[in-house]
Amino acid sequence: MILDVSKGFVSQETAFPFEAVVELPPQDVCGETVSFDPVALSGKYTVYEDAVILEGELKTVAHGACSVCMEPASAPIEVAFSERFRKDANEEEDECFLYEGKKLPLDHMVLTLTLLNTPMRFDCGTGCTAAVELKPWNEAEKVWAEDGDEPQDTYRPFEGLKDLLDQEPREQ
């Protein structure tokens, strides 16, 4: 998707409204395929000499698999953004996007913002039957707790480090 910002070059430092819709292909996120509804952008752009500031809101819905039961799950994504585009930008090093002429390519910006705000894990909600069936891990016995066992907060991965601090330092 290309956004024409030529009006901004005629009347610099004036904010102009814009709306755009960008289609994103499915993405591989941590080994899982995540798809997105069309991404809606709305906001304003302002041109300052050779820089263009795009401010607004991005909205879409991400679709993946529930991290518990693997059923389809969705997560809304809404992001307020303020991004800078420059003609001389190095997208790998600068914190801005590159544009040429009087048109802004929105695909890279939209993909970046969407992926940065996509959840790491999807949850299908309270109706997830697998989530109800999960049993807590009993660290002391190294087994999954049985029905009727008292639930306890046993997952403390760094608890052993405390013992190391309590030990007297050994001589070298």
Side-chain angles (χ1 to χ4, degrees), residues 1-134 153 155-158 161:
M1 170 70 191
I2 304 292
L3 178 64
D4 184 359
V5 294
S6 55
K7 288 182 188 177
F9 285 96
V10 174
S11 184
Q12 291 199 11
E13 299 184 21
T14 302
F16 292 94
F18 77 93
E19 289 187 359
V21 176
V22 177
E23 297 280 341
L24 289 179
Q27 300 292 315
D28 182 349
V29 178
C30 300
E32 300 289 330
T33 300
V34 177
S35 61
F36 302 94
D37 287 352
V39 180
L41 298 167
S42 61
K44 62 182 180 175
Y45 69 87
T46 309
V47 176
Y48 299 96
E49 294 182 16
D50 68 340
V52 180
I53 308 297
L54 212 62
E55 298 174 315
E57 188 173 58
L58 173 148
K59 291 183 181 182
T60 190
V61 176
H63 304 280
C66 175
S67 62
V68 177
C69 67
M70 300 306 291
E71 291 295 321
S74 300
I77 298 175
E78 293 186 18
V79 180
F81 65 88
S82 178
E83 298 294 337
R84 177 183 298 266
F85 287 76
R86 286 193 351 233
K87 285 188 177 188
D88 61 347
N90 180 348
E91 290 183 326
E92 293 179 8
E93 295 178 14
D94 300 336
E95 291 188 11
C96 57
F97 297 96
L98 179 68
Y99 78 94
E100 294 179 8
K102 295 181 177 156
K103 298 182 190 256
L104 305 181
L106 298 178
D107 295 336
H108 186 219
M109 180 196 79
V110 168
L111 179 62
T112 301
L113 290 172
T114 303
L115 288 179
L116 286 174
N117 290 281
T118 298
M120 295 290 290
R121 297 173 36 162
F122 286 87
D123 182 7
C124 67
T126 58
C128 181
T129 57
V132 173
E133 295 171 7
L134 286 179
D153 181 17
Y155 184 68
R156 297 184 186 111
F158 301 110
L161 295 176

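Every heavy atom of this structure was used, including side-chain atoms; hydrogens, water molecules and symmetry mates were not. Nothing here was measured: the structure is a model prediction, and the numbers come from that model.
With contacts defined as side-chain heavy-atom distances shorter than 4.5 Å, the pair H108/F97 qualifies. Side-chain atoms of F36 and V61, non-hydrogen and from C-beta on, never get closer than 4.5 Å to each other.
Closest approach of A62 and V34 over heavy atoms only: CB-CG1, 4.1 Å. Of all the heavy atoms in A65 and F122, the pair that sits closest is O-CB, 3.4 Å.
To the nearest 0.5 Å, atoms CG (L111) and CD (Q27) are separated by 5.0 Å. Note that the NZ atom of K103 and the CE atom of M1 stand 10.0 Å from one another [nearest 0.5 Å].
Environment of CD in E49: sparse, with no more than 12 heavy atoms of neighbouring residues, nucleotides or ligands closer than 6.0 Å.
The aromatic rings of Y45 and F18 sit tilted relative to each other, their planes meeting at an angle between 30° and 60°.
Residues S35 and H63 have side chains that never bring a donor and an acceptor to within less than 3.5 angstrom of each other.
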Passes side chain to side chain contact (heavy atoms under 4.5 Å, CB included), I53 versus V47? Steps please.
CA-CA 6 Å; I53 308 297; V47 176; over 6 Å; no

Side chain to side chain contact (heavy atoms under 4.5 Å, CB included) evaluation trace for F81 with L41
CA-CA 10 Å; F81 65 88; L41 298 167; 3.8 Å; yes

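Applying the salt bridge (Lys or Arg N to Asp or Glu O under 4.0 Å) test to every pair with at least one member in residues 5-33, sequence neighbours left out, gives no pairs at all.
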